[in-house]
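Here the structure comes first, spelled out in structure tokens, and everything after it is commentary.
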Number of protein chains: 2
Amino acid sequence: MTTREIPTRQRILDAALDLFGTRGVDSVSLDEIAREVGVRKQTVLYWFASKDELVDAVLETVAAELVVVIDAAVRSASDDPLERIDAVVRAVFRPAVRRPAMLGLMREMNRLPEAQADRLRHHVRPLVDRCIEYFSLEMDKGRLRRADPGLVAALAYATVTGIATEPEALRSVGWQPSAVGLRHLREELRGFLRAALTP
Amino acid sequence: MTTREIPTRQRILDAALDLFGTRGVDSVSLDEIAREVGVRKQTVLYWFASKDELVDAVLETVAAELVVVIDAAVRSASDDPLERIDAVVRAVFRPAVRRPAMLGLMREMNRLPEAQADRLRHHVRPLVDRCIEYFSLEMDKGRLRRADPGLVAALAYATVTGIATEPEALRSVGWQPSAVGLRHLREELRGFLRAALTP
DNA sequence: GGATATGTCTACCAAATGGTAGACAGCCTT
DNA sequence: AAGGCTGTCTACCATTTGGTAGACATATCC
């Protein structure tokens, strides 16, 4: 294996993300991941000492990517808070289009054993704090509807990710998770959030 | 086993709901359910031919209960659409307080294999249709913000259930799923939806 | 060129899982 | 009283799972 190719470890992480995301962490066996990568299970266990460790690594990857992408959106060009929020929404939806498994994994995050959930919170926490701070600021300026900034941030977050990770409700009304479907949805959501957040 | 006690079948359903909801369908074994009920695994398999069938039965129970409770809320006393929506929100949150596993199971609904998801949709579909019809009507009357009624219904639904089933985001801001925490949350959500849905 | 390190493999294993076969005890009907 | 039905049990089983031990090949360093 020459050093020019994608290293095995990375390929394992990629395959694991896709499989965990689409079918759930517990339903996917190491064997399956190994098969997907074209390697033996023991090779997976060589790079990650246990399945738990692999799960942690995948979650960290996702969390880190999300944090980066949302963070970039939060301090986007525009000064208008609603434009900023829309940028965040776009940022959350973008990975959904490019990589549907990402959304599944966000859903998986809510059903982790407490130990793993804790490690994850540690990553996301600073981001949440920053958002709350920002919301609070804009509320003081009167540019966002006055309310408990923490709860509003959580509500907005839960709304966006709830929509993103709960395709069931949306599919029931004929919506399809295609790129164009997502754009339509995002536009509707934009109006929804705009109305909910402005004074 | 006299007929006065709770029949085994029901006790199995109850235990399965709790376990599936809190720990996820795949992570719970038949043995575990049986142990919870105080019976052997083979007794579980006597009442439900396979694990799949048990899962189906549990989901049907939950779906049926949700449909009834939401349906009742939809045609609640008040004529004000926002009061009605609030009644629905209350209806969704009530089981959350009384039986946290219910929420977990609602989350599980989004990660079912396609066959089971289909059977479930069949239950929920009429309810969704009714909601869409209602939204459409109120929009015509100008009492709700004009928009694609299907998408708005889905958004509202996803918002509520997203919030209800995604405690992660809320716990990050110090919110706790206690009865009083839920009340506080519901009040904030009420304002949120009111703003988002009114013209 | 030989030693060492790295990465992947073959060969196992113990535990758990969903599921089957069939015994058996109590109840109901005749 | 006898035979059948119902509900639960004991005893297995094949498969899958996460994980271990150690062989083997290739590359790197001295």
Side-chain angles (χ1 to χ4, degrees), chain A residues 1-60 105 108 111-117 119, chain B residues 1-60 105 108 111-117 119:
Chain A
M1 193 96 345
T2 68
T3 54
R4 285 225 87 45
E5 307 172 18
I6 298 172
T8 305
R9 197 191 135 95
Q10 187 56 47
R11 275 163 44 219
I12 293 173
L13 275 175
D14 277 355
L17 194 159
D18 282 333
L19 286 170
F20 286 159
T22 52
R23 306 231 328 277
V25 169
D26 340 270
S27 321
V28 175
S29 70
L30 294 181
D31 255 324
E32 219 164 340
I33 296 168
R35 206 176 316 134
E36 184 71 21
V37 177
V39 89
R40 298 290 174 205
K41 171 177 64 170
Q42 289 74 4
T43 302
V44 174
L45 283 166
Y46 170 79
W47 289 106
F48 304 90
S50 68
K51 187 179 180 180
D52 258 20
E53 204 172 281
L54 173 58
V55 172
D56 277 347
V58 170
L59 290 175
E60 247 170 69
L105 211 59
E108 290 298 302
R111 40 195 314 286
L112 295 173
E114 200 49 37
Q116 270 163 350
R119 264 165 281 168
Chain B
M1 190 96 345
T2 69
T3 55
R4 285 228 87 47
E5 304 174 19
I6 299 173
T8 306
R9 197 191 133 94
Q10 187 57 47
R11 274 162 46 218
I12 294 173
L13 275 175
D14 277 354
L17 194 160
D18 282 333
L19 286 169
F20 286 159
T22 53
R23 307 231 327 278
V25 169
D26 341 88
S27 321
V28 176
S29 70
L30 294 181
D31 255 325
E32 219 164 339
I33 296 168
R35 207 178 314 134
E36 185 71 21
V37 177
V39 90
R40 297 290 174 205
K41 171 177 66 170
Q42 289 73 3
T43 302
V44 174
L45 284 167
Y46 170 79
W47 290 105
F48 304 90
S50 68
K51 188 178 181 182
D52 257 20
E53 204 172 281
L54 173 58
V55 173
D56 277 348
V58 171
L59 290 175
E60 248 171 68
L105 211 57
E108 290 297 304
R111 44 196 309 286
L112 296 173
E114 201 48 38
Q116 270 162 351
R119 263 164 283 170

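Every chain is numbered from 1 and lettered A, B, ... according to where its sequence line falls, protein lines coming before strand lines.
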Problem set entry | Distance test, side-chain N/O of A/Tyr46 to OP1/OP2 of C/dG7, below 4.0 Å | yes
Seminar exercise, completed: note: B/Arg35, atom CZ; D/dT8, atom C1'; distance rounded to Å ~ 18 Å
Exercise. Which nucleotide, D/dC9, D/dG18, C/dT8, lies nearest any side-chain atom of A/Lys51?
Worked result: D/dG18
Exercise. Between A/Asp31 and A/Arg40, is the closest basic N to carboxylate O distance under 4.0 Å?
Worked result: no
Exercise. For the pair made of CZ in A/Arg9 and C1' in C/dT8, what is the distance, rounded to whole Å?
Worked result: 16 Å
Exercise. What are the two closest non-hydrogen atoms of A/Ser50 and A/Leu45, and how far apart are they?
Worked result: CA-CD2, 4.0 Å
Exercise. Hey, does the side chain of A/Ser50 come within less than 4.0 Å of D/dG18's phosphate (OP1/OP2), counting only N and O?
Worked result: no
Exercise. Separation of A/Asp31 atom CG from C/dA11 atom C1', in whole Å?
Worked result: 14 Å
Exercise. Has A/Trp47 got a side-chain N or O lying under 4.0 Å from the OP1 or OP2 atom of C/dT8?
Worked result: yes
Exercise. Could you state the CZ-P distance from B/Phe48 to C/dG18, rounded to the nearest angstrom?
Worked result: 15 Å
Seminar exercise, completed: Rounded to whole Å, CD of A/Gln42 lies from P of D/dA21 at a distance of 13 Å
Exercise. Would you say D/dG7 has OP1 or OP2 under 4.0 Å from some side-chain N or O of B/Thr8?
Worked result: no
For this session: Please evaluate the base of D/dG18 for a donor-acceptor partner in the side chain of A/Lys41 within a cut-off of under 3.5 Å?
Result: yes
Exercise. How close or far is atom P of C/dA16 from atom CZ of B/Arg23, stated in whole angstroms?
Worked result: 14 Å
For this session: Looking at every strand, decide which applies to A/Leu45 at a 4.0 Å heavy-atom threshold: base, sugar-phosphate, or nothing.
Result: base
Exercise. What are the two closest non-hydrogen atoms of B/Arg11 and B/Val37, and how far apart are they?
Worked result: NH2-O, 3.2 Å
Problem set entry | Atom-pair distance (CD1 on B/Ile33; P on C/dG18), nearest Å | 8 Å
Exercise. Hey, is the side chain of B/Ser29 poking within less than 4.0 Å of OP1 or OP2 on C/dA16, counting only N and O atoms?
Worked result: no
Exercise. Within the distance-only criterion (no hydrogens, no angle test), does the side chain of A/Arg23 pair as donor or acceptor with the backbone N or O of A/Val28 below 3.5 angstrom?
Worked result: no
Problem set entry | Least distance between heavy atoms, B/Glu53 atom then B/Phe48 atom | OE2-CA, 4.0 Å
For this session: Return the value, rounded to whole Å, for the distance between atom CZ of B/Arg40 and atom P of D/dC9.
Result: 6 Å
